[in-house]
Amino acid sequence: MLNRRRRVKCDEALPYCKRCTKAKLQCEGYYRIPTAKLTGNTQNGRVLLPKSNGTIQLSTVQPSSVLPGETDIENRYLQYFHDETTSGFQSVWDWTLWNRLVLQGCRHEPFVRYAVVAIGALHKSLRMGRDGYGGFEITEPIAKLHREFAYLTYGKAIKHMQNAIVTDSGPRYALIACLLIILFESHIGNRYKALAHAEHGLRILQQSKDQRTAAKEEASSAPSLPSSTLEDEIVQAFRSLDIQITTVSDSRTASAHTRAIAEDTISIKGMPTLFRSLHEARHYWSILLHQTFHFLSTTWKRTEPHLLFKALETSIPGSNLVTVGHTIHTTSVVVDPMLKQEQEHYSAGMDRWLEAFHPVFKTIEGDSKARLRDQVIAAMLQIHGLATKITIAGVCFTDEILYDQFLPEFAEIVRLAGDVAAARNAKSEQRSDNDFWSGSFTLDLGIIEPLFRLLMRCRDPKLRREAIAILKSWHVECWWDPLMIVAIGEFIMEVEEESMSDGFIPAESRAILTAKSHCTADRFMLVQCVQKAGGLDGGMKWTDKWVSW
């Protein structure tokens with residue numbers, strides 16, 4: 001914070017700011033939240049205010065000091081988390097999970113509060129370590145202190161989570177604990193550990209749903225069931241994570257994907273021909289994207305992409321290997337008539353959504369008085385719509401040159417992503433380093449994943465480099481690190497552009513990303529691509545390379 005008397009910027013060292021001490025000024029540090037009394041029945045302080053039969057009214061609240069033995073330092077980190085999630089631009093997708101449900105939970109459940117304190121400390125360390133905090137002297141030692149405190153408090157949170165889950169009669173505490181663990185592990189770069197917890201949470205959610213369905217079928221001989229105590233924020237959070245999994249590394253069975261597809265079918269049938277609002281467009285986009293990504297996941301075993309992969313020359317102990325055919329960014333080797341028919345069905349569904357969204361998008365884009373947030377949401381929806389349209393078409397592509405027909409769509413994606421990045425960067429300049437819109441607490445896909453798809457499929461050198469420039473100025477989105485994607489994209493470009501002539505890459509030189517071997521939290525990985533110079537019968541050329549970021 002700025003000391004207005006001498007304009008000394010607090011370096012927030014612990015326990016006292018070194019700059020303020022040197023200037024002989026009183027350091028105010030973080031704002032201390034006054035202790036407040038709890039109201040209502042807390043049942044021994046272990047309640048997270050589950051949803052009642054009516055709609056629960058969650059207000060944005062300032063957390064209060066309710067944990068025995070809580071220190072002033074813990075309260076500072078809690079305030080930091082509060083400021084990051086409830087001020088400024090907030091989340092583009094209007095997440096109330098962190099800034100209302102979780103903050104309210106801090107007042108009643110120890111594991112939530114300890115986890116939030118740990119996340120606040122960790123986030124603080126990342127910002128100070130990465131940015132040097134406004135160009136002042138190097139602050140890595142201070143960042144290290146924040147990080148050590150984060151790990152210490154995270155250990156306390158885990159112990160309290162275990163106790164809370166044992167005493168909870170339903171899945172609610174377990175799901176909230178999963179989300180908090182996912183957030184912490186994502187912050188420290190353990191994307192695959194976070195992924196495992198996301199899959200575990202989805203299984204818990206599905207088991208709960210199955211149990212309730214079975215109980216309803218036996219309603220004639222069983223007492224009536226209470227309404228679900230899971231808030232919509234929790235269910236939607238795991239729905240977003242469900243989508244994320246298909247883009248990173250998905251080991252679920254084809255039957256699991258088929259089941260997910262069936263759950264969305266009725267909702268999609270009700271999609272109107274024209275959307276009346278941005279909210280309605282986003283609602284159906286979420287459903288359609290969820291179903292489409294699960295459809296793409298059912299194609300992996302049928303199209304035999306494993307034929308494009310060759311065992312890596314180097315084995316990395318403890319690494320996570322993701323090969324072609326384990327995410328939606330796959331490439332088909334064989335395509336049968338049944339798959340072509342299914343592809344046409346999902347392609348038609350995405351075209352319907354784009355047509356229904358077009359008037360809303362153009363109205364917002366052309367309105368100079370439209371809210372910046374609405375403009376950003378509209379742009380991001382259009383980006384995902386176009387990127388998914390291309391990905392669906394690609395299910396039936398066995399020749400990379402067929403992606404050239406989507407050059408106009410690629411150009412539109414880059415243009416819109418540039419607009420979103422410009423809006424975010426302008427907002428960050430206005431709010432300095434206190435702008436929430438840093439992506440740290442979002443579980444939704446943003447612009448990184450569609451730009452990754454562009455770097456893999458678009459062979460226009462200008463558009464690729466524009467996409468890389470955007471990514472270099474962007475922030476981490478859940479498990480998606482923009483600098484990692486830049487490193488992978490530059491590797492593919494280096495391999496392909498050796499044979500480029502007048503900006504055109506011939507079909508036999510186009511590379512397909514086939515594997516990534518990555519050690520958790522390390523900023524380097526071994527990647528592999530293949531060029532089908534002579535087809536599958538011979539002449540295939542694999543290239544392995546270490547990349548870092």
Side-chain angles (χ1 to χ4, degrees), residues 60 85-96 99-100 236 240 243 267-268 270-289 292 349-390 406-432 434-439 441-451 453-454 463 466-467 469-471 473-475 477 482:
T60 300
T85 59
T86 60
S87 62
F89 202 91
Q90 298 189 14
S91 172
V92 171
W93 301 121
D94 194 26
W95 272 92
T96 58
N99 62 18
R100 290 201 280 180
Q236 185 57 42
S240 296
I243 294 172
S267 297
I268 291 177
M271 186 170 70
T273 56
L274 289 176
F275 297 131
R276 294 166 294 182
S277 65
L278 189 60
H279 175 77
E280 185 177 48
R282 192 202 163 203
H283 169 73
Y284 281 101
W285 165 81
S286 178
I287 298 171
L288 190 62
L289 193 71
T292 299
M350 184 54 63
D351 287 341
R352 279 180 55 211
W353 184 90
L354 286 167
E355 291 173 4
F357 179 56
H358 183 75
V360 175
F361 172 66
K362 286 300 181 182
T363 298
I364 294 175
E365 186 182 42
D367 185 1
S368 60
K369 296 182 180 180
R371 291 192 307 165
L372 176 60
R373 184 174 175 278
D374 289 346
Q375 293 174 338
V376 169
I377 292 175
M380 292 182 73
L381 289 175
Q382 184 74 355
I383 288 170
H384 279 279
L386 294 174
T388 305
K389 171 185 175 180
I390 296 168
F406 293 109
L407 186 60
E409 285 83 356
F410 286 131
E412 180 74 351
I413 290 170
V414 170
R415 181 185 72 82
L416 292 172
D419 290 344
V420 171
R424 183 259 178 180
N425 293 336
K427 199 68 180 176
S428 295
E429 290 176 3
Q430 294 172 16
R431 294 192 55 84
S432 185
N434 192 38
D435 180 30
F436 166 70
W437 204 23
S438 60
F441 304 106
T442 183
L443 300 178
D444 291 290
L445 292 176
I447 67 171
I448 300 177
E449 193 273 337
L451 287 180
R453 285 189 256 174
L454 182 144
L463 291 178
E466 288 177 359
I470 294 169
L471 289 169
S473 69
W474 200 242
H475 54 75
E477 297 171 347

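Computed from a predicted model, the values in this text were never measured in an experiment. Keep in mind that the numbers below use all heavy atoms, side chains included, and drop hydrogens, waters and symmetry copies.
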Please check this pair: side chain of [X] against backbone of [Y], looking for a donor-acceptor N/O pair closer than 3.5 Å.
{"X": "S286", "Y": "R282", "value": "no"}
{"X": "E355", "Y": "T273", "value": "no"}
{"X": "E409", "Y": "I390", "value": "no"}
{"X": "T388", "Y": "G385", "value": "no"}
{"X": "H358", "Y": "W353", "value": "no"}

Report task. To the nearest 0.5 Å, tell me how far H384 NE2 sits from R453 CZ. Result ->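 Rounded to the nearest 0.5 Å, the NE2-CZ separation comes out at 7.5 Å.
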Requested in this report: Enter the distance from I243:CD1 to L289:CG here, rounded to the nearest 0.5 Å.
Outcome: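 I243 CD1 to L289 CG: 4.5 Å, rounded to 0.5 Å.
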Query - Stepwise side-chain contact (heavy atoms from CB on, under 4.5 Å) check, L354 with Q382 - result: CA-CA 8 Å; L354 286 167; Q382 184 74 355; 4.0 Å; yes
Report task. Could you give me the CA-CA distance, side-chain angles and deciding distance for I364 and I377, then say whether side-chain contact (heavy atoms from CB on, under 4.5 Å) is met? Result -> CA-CA 10 Å; I364 294 175; I377 292 175; over 6 Å; no
Tell me the closest heavy-atom pair linking [X] and [Y], and the distance in Å.
{"X": "I383", "Y": "A417", "result": "CD1-N, 3.5 Å"}
{"X": "I470", "Y": "A421", "result": "CG2-CB, 3.9 Å"}
{"X": "S267", "Y": "Y284", "result": "O-CE2, 3.4 Å"}
{"X": "L274", "Y": "E280", "result": "O-OE1, 4.2 Å"}
{"X": "A356", "Y": "P272", "result": "CB-O, 3.8 Å"}
{"X": "P482", "Y": "I448", "result": "CD-CD1, 3.6 Å"}

Is the closest side-chain heavy-atom distance between [X] and [Y] below 4.5 Å?
{"X": "L278", "Y": "L381", "result": "yes"}
{"X": "P408", "Y": "E412", "result": "no"}
{"X": "L288", "Y": "M350", "result": "yes"}

Query raised in the report: What orientation do F410 and F406 show, parallel under 30°, tilted 30 to 60°, or perpendicular over 60°?
Result: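 The arrangement is perpendicular - the two ring planes meet at more than 60°.
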Requested in this report: List the steps, then state whether side-chain contact (heavy atoms from CB on, under 4.5 Å) holds for I447 with M380.
Outcome: CA-CA 7 Å; I447 67 171; M380 292 182 73; 4.1 Å; yes
Query raised in the report: Stepwise, does the side-chain contact (heavy atoms from CB on, under 4.5 Å) test hold for D374 with D367?
Result: CA-CA 10 Å; D374 289 346; D367 185 1; over 6 Å; no
Query raised in the report: Is any side-chain N of the basic residue among R415 and E365 closer than 4.0 Å to the acidic one's carboxylate O?
Result: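 Between E365 and R415 there is a salt bridge, with a charged N closer than 4.0 Å to a carboxylate O.
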